[in-house]
Participant: 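The structure that follows is given in the form of structure tokens.
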Amino acid sequence: MPIFSRMPGSNFYVSAAKPIFDWVFALFLLVLLVPILLIIGVVLAVHFRKSPVFIQQRVGKDERIFNLFKFRTMKIDEDEDTTSAMGKFLRSTSLDELPQLINVLKGAMSFVGPRPLLLEYLPHYSIEEKKRHAVKPGITGWAQVNGRNTIDWGLRMKMDVFYVNQISFYLDMRILFLTCFQLLKRDKTTYLDQKTVKFSEYASKR
């Protein structure tokens, strides 16, 4: 797709250093967090009486489809009203995102990048918004440390494109630092579990 070939990706950091860092750090964290992953997995399997890992197709770099892994937080898949108290705790602490370390290890995701969104959103992106797919999606990103789901879709898209245009080691380190700070602070504004307007609804009003 021509739109992606014009985006950043040829410099040393993006093409070499960032993928190496992602792979090494993801492997390190997976080994380090094995006990926690196992405990959460067992507790969720008992709680939900089904697989503790929720798998959903998302859109990645160059609009390639991949399976995203998360710890299950809902009794019924994709129904926010069925999020359990345990699920809300996992979301507020972002522990539900831990299985995405596997996505990073497999090369489908990065630690930092635009969040991978649903397939159903693909037909609704503007040409400018499609630029968010020029890089690998991330576990955290510029929009996540600047409001996450409390900001509207238009601003989220602009922040994603900003990241793609400005991607650098410094920006990634800044985002990771802010992410850790918000997690330690338990910033309820950023990690609030609330419903948001569907992307298709936002796109139809543009």
Side-chain angles (χ1 to χ4, degrees), residues 22-23 25-61 63-122 124 136-141 143-145 147-151 153 156 176 179-180 182-202:
D22 284 336
W23 192 89
F25 196 42
L27 182 61
F28 170 76
L29 286 179
L30 277 172
V31 172
L32 182 68
L33 298 175
V34 163
I36 295 176
L37 291 169
L38 288 175
I39 291 172
I40 294 175
V42 171
V43 171
L44 291 178
V46 173
H47 180 70
F48 289 113
R49 297 181 184 276
K50 58 173 69 174
S51 171
V53 177
F54 174 62
I55 302 175
Q56 187 178 55
Q57 287 192 320
R58 296 290 179 97
V59 181
K61 185 178 184 297
E63 295 186 356
R64 295 182 184 135
I65 310 304
F66 71 98
N67 290 324
L68 178 136
F69 305 111
K70 295 183 73 172
F71 276 129
R72 189 176 297 279
T73 59
M74 296 174 284
K75 296 174 184 177
I76 301 175
D77 296 345
E78 301 183 51
D79 185 350
E80 295 288 343
D81 292 329
T82 66
T83 303
S84 68
M86 184 179 298
K88 289 179 180 179
F89 169 76
L90 290 177
R91 287 189 177 191
S92 69
T93 57
S94 289
L95 288 172
D96 64 316
E97 311 282 1
L98 287 179
Q100 287 166 48
L101 291 171
I102 298 174
N103 290 123
V104 175
L105 200 61
K106 294 176 67 176
M109 290 181 65
S110 174
F111 277 97
V112 181
R115 283 296 294 166
L117 299 178
L118 299 171
L119 273 64
E120 65 189 59
Y121 297 169
L122 269 178
H124 303 288
K136 290 180 182 179
I139 295 178
T140 186
Q144 277 58 54
V145 297
R148 201 175 180 177
N149 58 349
T150 63
I151 57 178
W153 279 112
R156 286 168 69 178
L176 288 173
T179 299
C180 292
Q182 289 174 348
L183 287 172
L184 291 173
K185 186 182 175 183
R186 290 291 299 277
D187 189 333
K188 293 182 179 180
T189 300
T190 301
Y191 294 94
L192 187 65
D193 182 17
Q194 64 179 35
K195 286 189 175 182
T196 56
V197 175
K198 288 185 177 181
F199 185 78
S200 56
E201 294 177 11
Y202 149 74

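Bear in mind that the values here come from a model prediction, so they are computed numbers and not experimental data.
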Participant: Using only atom types and a distance under 3.5 Å, with no angle test, would you say the side chain of Q182 pairs donor to acceptor with the backbone of V145?
Facilitator: yes

Participant: Can you tell if the side chain of F54 reaches within under 4.5 Å of the side chain of P99, non-hydrogen atoms only?
Facilitator: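 No. Closest side-chain heavy atoms not under 4.5 Å.
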
Participant: Tabulate below the donor-acceptor pairs under 3.5 Å that side-chain atoms of residues 108-117 make, not counting sequence neighbours, or state none.
Facilitator:
| unit_1 | atom_1 | unit_2 | atom_2 | d |
| --- | --- | --- | --- | --- |
| S110 | OG | K18 | NZ | 3.2 |
| S110 | OG | D22 | OD1 | 3.3 |
| S110 | OG | D22 | OD2 | 2.7 |
| S110 | OG | V112 | N | 3.4 |
| S110 | OG | V112 | O | 3.3 |
| R115 | NH1 | Q100 | OE1 | 2.8 |
| R115 | NH1 | G138 | O | 2.9 |
| R115 | NH1 | I139 | O | 3.2 |
| R115 | NH2 | E97 | OE1 | 3.3 |

Participant: Run the side-chain contact (heavy atoms from CB on, under 4.5 Å) test against I55 and tell me which residues pass, sequence neighbours left out.
Facilitator: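 By the side-chain contact (heavy atoms from CB on, under 4.5 Å) rule, I55 matches V53, N67, F69.
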
Participant: Where the side chain of R72 meets the backbone of F48, is there a donor-acceptor pair that is under 3.5 Å apart?
Facilitator: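 No; judged by distance alone, with no hydrogens or angles, the pair does not exist.
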
Participant: Heavy atoms, side chains only, cut-off 4.5 Å: are R64 and V59 in contact?
Facilitator: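 A side-chain contact is absent here, since even the closest heavy-atom pair is not under 4.5 Å.
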
Participant: Show, in sequence, the C-alpha distance, side-chain angles and deciding distance for F71 and L37, and conclude whether the side-chain contact (heavy atoms from CB on, under 4.5 Å) test is met.
Facilitator: CA-CA 9 Å; F71 276 129; L37 291 169; 3.8 Å; yes

Participant: For the atom pair CD (Q56) and CG (L119), what is the distance rounded to the nearest 0.5 Å?
Facilitator: 8.5 Å

Participant: Given the rule in the side-chain contact (heavy atoms from CB on, under 4.5 Å) test, do W23 and L105 qualify, once you have shown the distances and angles that lead to the verdict?
Facilitator: CA-CA 5 Å; W23 192 89; L105 200 61; 3.6 Å; yes

Participant: For N103, which residues count as a side-chain hydrogen bond (donor to acceptor under 3.5 Å, both in side chains) partner, sequence neighbours excluded?
Facilitator: none

Participant: With Y121, which residues qualify under ring-ring contact (aromatic ring centres under 6.0 Å, His included), at least two apart?
Facilitator: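 Y121: ring-ring contact (aromatic ring centres under 6.0 Å, His included) contacts with W153, F199.
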
Participant: Using the ring-ring contact (aromatic ring centres under 6.0 Å, His included) criterion, which residues pair with F28? Sequence neighbours excluded.
Facilitator: none

Participant: What pair of heavy atoms forms the shortest contact from P52 to G41, and how long is it?
Facilitator: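 Heavy-atom minimum between the residues: CB-O, 3.3 Å.
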
Participant: Can you sort out the partners of R58 under salt bridge (Lys or Arg N to Asp or Glu O under 4.0 Å), two or more places apart, ordered by chain and number?
Facilitator: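 Salt bridge (Lys or Arg N to Asp or Glu O under 4.0 Å) list for R58, sorted by chain: empty.
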
Participant: Side chains of L122 and E63: does their closest heavy-atom pair fall under 4.5 Å?
Facilitator: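 Yes, their side chains come closer than 4.5 Å.
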
Participant: Calculate, to the nearest 0.5 Å, the distance between atoms CG and CG belonging to L27 and L101 respectively.
Facilitator: 10.0 Å

Participant: In chain order, what residues pass the side-chain contact (heavy atoms from CB on, under 4.5 Å) check against L95, with sequence neighbours excluded?
Facilitator: I40, F89, L90, T93, L98

Participant: Is any side-chain heavy atom of M86 closer than 4.5 Å to a side-chain heavy atom of R91?
Facilitator: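 SC-SC contact between M86 and R91 ruled out.
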
